[in-house]
Amino acid sequence: MTSKPVPNSRPVVLGLPRWVGIVASVGALFIVLPLVAMITRVNWPEFGALVTSESSVAALGLSLRTSVVSTALCVVLGVPLALLLARTQFAGQKVLRALVLLPLVLPPVVGGIALLYTFGRRGLLGSTLEVLGIQIAFSTTAVVIAQTFVALPFLVLSLEGALRTVGTRYEAVAATLGAKPTTVLLRVTLPLVLPALISGAMLSFARALGEFGATLTFAGSLQGVTRTLPLEIYLQRETDPDAAVALSLVLVLVAVVVVGLSRGVSERRGSERGGSERSLSERRLSERDQPARGMPL
């Protein structure tokens, strides 16, 4: 019985319906057109003077400082939260995940009111802190807390997804070899999800830099103390529209850079890991195909 020759197989190219591209183009224009419209309104001859005014520089400097601090807090608080949600099972886990991710869909003003009634002078914790001489509301600390509140879910969501994707195979091997849980966490788990951690931290920084509603409600708008760049843009919109547009462009550029760096880090580390895993698989296959030494052929 002879087998029929198999015709040369060509790689199948998967296509999409034409209407998908049309709708996708409309969606892309929906995002791009407002940005283009804003760029066309920038007063380019006076752009430098507008973004380097005293109030603009103070707002930008405050935003950068508070965003860096809030991003550090997101890492400190978010990594344990993501590990708890991804690596353990306990009663109420789904409820905890929903509460952690709640700031993603919660109106920022509502978050600011919640923070005010927690840390304000008559708040749940604020009254006790007031007795100790600690005032949080309407201070730079309040800005950091508001930014952390809205930015934390971005890091938790990114890191939890990465932890579930990499699985527990390497951690189990390390534990079998006698490594302690802290050693496994620091030497195995965190290096595996480092790209997701960096990406989540960058997204948290971008979200903190653009925070407006919770900051205005909880921290107010005191120049040099709580007036971040989004608040400065909001105020300049009424008095100096050219300055508002110029500062808005600065925020857009920062957001584009952060998102680009985040994607670049994730893709580079992902390709490196994929390449190392492929080379390891190929080496194992070649070793398996080779006859054992000393065995007759």
Side-chain angles (χ1 to χ4, degrees), residues 6-44 47 71 74 78 82 85-86 97-98 100-108 150-167 192-213 229-230 233 237 241 244-279 281-282:
V6 180
N8 294 331
S9 59
R10 297 181 179 179
V12 179
V13 179
L14 299 179
L16 292 174
R18 185 173 299 176
W19 62 266
V20 174
I22 297 175
V23 177
S25 300
V26 174
L29 288 175
F30 183 76
I31 301 297
V32 174
L33 277 181
L35 300 178
V36 174
M38 183 185 68
I39 293 175
T40 60
R41 298 298 299 271
V42 175
N43 187 353
W44 294 108
F47 180 80
T71 302
C74 286
L85 294 174
R97 180 180 291 107
V100 170
L101 301 181
L102 187 61
L104 287 175
V105 297
L106 197 66
V150 300
L152 181 61
F154 287 87
L155 188 138
V156 174
L157 193 62
S158 175
L159 192 56
E160 183 190 359
L163 286 168
R164 293 185 181 277
T165 300
V166 300
L192 283 174
V193 297
L194 185 60
L197 178 58
I198 296 175
S199 176
M202 289 182 175
L203 293 177
S204 296
F205 175 82
R207 180 63 185 90
L209 191 65
E211 166 51 31
F212 173 78
L229 193 55
I233 293 172
R237 183 179 62 90
V245 174
L247 294 174
S248 298
L249 181 60
V250 171
L251 271 184
V252 170
L253 292 176
V254 172
V256 169
V257 171
V258 169
V259 172
L261 290 175
S262 173
R263 293 291 300 174
V265 169
S266 299
E267 292 176 358
R268 183 170 63 252
R269 292 300 297 268
S271 62
E272 291 176 356
R273 185 183 170 209
S276 62
E277 289 183 351
R278 284 194 299 270
S279 62
S281 300
E282 292 173 358

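Predicted model only: the values in this text are computed from it and were never measured.
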Show every donor-acceptor pair shorter than 3.5 Å between a side-chain atom in residues 155-163 and any protein atom, with sequence neighbours excluded, or say none if there are none.
residue : atom : partner : partner atom : Å
Ser158  : OG   : Ala196  : O            : 3.2
Glu160  : OE2  : Arg97   : NE           : 2.9
Glu160  : OE2  : Arg97   : NH2          : 2.8
Glu160  : OE2  : Arg164  : NE           : 3.3
Glu160  : OE2  : Arg164  : NH2          : 3.2

Legend entry - Distance in Å, Leu152 CG paired with Leu104 CG, rounded so as to fall on 0.5 Å steps: 9.5 Å

Inset, instruction - Spell out, as yes or no, whether a donor-acceptor pair under 3.5 Å connects the side chain of Ser204 to the backbone of Phe154. - result: no

Legend entry - Validation row: Val250, Phe47 side chains within 4.5 angstrom (heavy atoms): yes

Inset, instruction - Drop me the distance from Ile233's CD1 to Arg237's CZ, to the nearest 0.5 angstrom. - result: 11.0 Å

Inset, instruction - To the nearest 0.5 angstrom, please state how far the CD1 atom of Ile39 sits from the CG atom of Leu253. - result: 7.5 Å

Inset, instruction - Just do the side chain to side chain contact (heavy atoms under 4.5 Å, CB included) check on Val193 and Val166 with the steps written out, would you? - result: CA-CA 8 Å; Val193 297; Val166 300; 4.1 Å; yes

Kindly list each side-chain donor-acceptor pair under 3.5 angstrom involving residues 27-38, sequence neighbours excluded, with atom names and distances?
none

Legend entry - Results of ring pair (Phe, Tyr, Trp, His ring centres under 6.0 Å) for Trp19 - residues two or more places apart only: none

Legend entry - Passing candidate, side chain to side chain contact (heavy atoms under 4.5 Å, CB included) with Leu229, options Val254, Leu251, Leu209: Leu251

Legend entry - Where Val150 and Glu211 come nearest, the two heavy atoms and their spacing: CG2-OE1, 3.6 Å

